[in-house]
Number of protein chains: 2
Amino acid sequence: MRIGELSERTNTPRRLLRYYEEQGLIAADRSPNGYREYDERFVDRVMQIRGLLDAGLPTRIIKQILPCLDKPRVIHFPDATPEMLATLRHERDRMNARIECLIRNRDAMEEYLDAVSGTLRRHSV
Amino acid sequence: MRIGELSERTNTPRRLLRYYEEQGLIAADRSPNGYREYDERFVDRVMQIRGLLDAGLPTRIIKQILPCLDKPRVIHFPDATPEMLATLRHERDRMNARIECLIRNRDAMEEYLDAVSGTLRRHSV
DNA sequence: TCGAACCCTCACATCGATGTGAGGGTCAAC
DNA sequence: GTTGACCCTCACATCGATGTGAGGGTTCGA
């Protein structure tokens, strides 16, 4: 598929798809005429990237961890340098901190929503 | 305490503490001489703000949800308008999406780290 | 063959979160 | 009463993610 379709299917402006490519997050083939050519796998890939960006990770980090998240990842074992593993562990820890923070605050919001709806019910009955 | 101490204890540049105040996330008292004056509760508050910012929430949203997260929150019931509750639910959903995305990717990283360390062990034995 | 709907590459603009520093007050200790 | 370590308020700079559009090629159907 070309960039327009990928853009629609991932709900992502073309501008950003080109930007992600420029940042090295995705690598599209080119048709003879120069158009970018994508296959199905890019749909998930782009959504994953967007999710991570939305969760606060910068493209620089996403670029580093993306290769480890591919499904048949056995192929990538050899290129695991010690520094890279350290980075990976460090980012995992940061993600855990983020997750904990989000869960704590989500639970507090939930609690608040529950309390308010309880109050409303009590008031309206 | 004054801004310098809060800055050290939260590991946050003074500049940002002033910025958070400007954005309406915290409201410091002022000493007669104009210095900002903080009490203990600001330490947690600032760390919570930083966590949420790091997790990808903009100050505008943080400002909206912070009041609901205070501990003796009973006081805040009356100001819960329907639009505000809708916003809150919407943000909770977004946070859930973020959490799921982070957990998925963290698990994949963990899996990769496990696999690599397993390989190394196998290779080194 | 013309126009619509794609695509391309720049390049400049915006926006939010930060960095940095100038210019200037407060206050305690020496 | 001067010095050093605080604090203040601007205000401009930077950085990453994104918006927008100019200028121009490709493809395809009317």
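Residue contacts for A:T59: at a heavy-atom cut-off of 4.0 Å it reaches the sugar-phosphate backbone alone, with no base atom in range.
Looking only at distances, no side-chain donor or acceptor of A:D54 sits under 3.5 Å from a matching main-chain atom of A:R50. A distance-only check finds a donor-acceptor pair linking the side chain of A:S7 to the backbone of A:T12 [under 3.5 Å]. A:E37 places a side-chain N or O within donor-acceptor distance of the main-chain N or O of A:M1, the cut-off being under 3.5 Å.
Residue A:Y35 places a side-chain atom within donor-acceptor reach of the base of D:dG25, judged by atom type and a 3.5 Å distance cut-off alone. Between the side chain of A:R18 and the base of C:dT9, no donor-acceptor pair under 3.5 Å is found.
Distance, B:R2 CZ to D:dC8 P: 9 Å, rounded to whole Å. As rounded to whole Å, 12 Å separates atom P of D:dC7 from atom CE of B:M1. Atom P of nucleotide C:dT18 and atom CD of B:E22 are separated by 13 Å, given to the nearest angstrom. What separates CZ of B:R60 from C1' of C:dA17 is a distance of 14 Å, to the nearest Å. Distance CD1 (A:I3) to P (C:dA5): 19 Å, rounded to an integer number of Å. The distance from atom CD1 of A:I49 to atom P of D:dG16 is 17 Å, rounded to the nearest whole Å. Taking atom CG of residue B:L17 and atom P of nucleotide D:dC6, one finds them 15 Å apart after rounding to whole Å. Atom P of nucleotide C:dG16 and atom CG of B:D54 are separated by 19 Å, given to the nearest angstrom.
Dashed line: the shortest gap from a side-chain N or O of A:R14 to OP1 or OP2 of C:dC7 is under 4.0 Å. The phosphate of D:dC8 has OP1 or OP2 within less than 4.0 Å of a side-chain N or O from B:R36. For B:N33 and D:dC8, the shortest distance from a side-chain N or O to OP1 or OP2 is not below 4.0 Å. Between A:Y19 and the phosphate of D:dG16, there is no side-chain N or O to OP1/OP2 separation shorter than 4.0 Å.
Under the side-chain contact (heavy atoms from CB on, under 4.5 Å) rule, A:V46 has a single partner from A:L6, A:N11, A:L16, which is A:L6.
Looking at which nucleotide of DNA chain D each of B:R15 and A:L53 is closest to, the 5′-most match is held by B:R15.
Taking every side-chain heavy atom of B:R30 into account, D:dC8 is the closest of D:dC8, C:dC8, C:dA17.
Linking Ile, Leu, Val, Met, Phe, Trp and Tyr whenever their side-chain heavy atoms come within less than 4.5 Å leaves A:Y35 and A:Y19 in two separate clusters.
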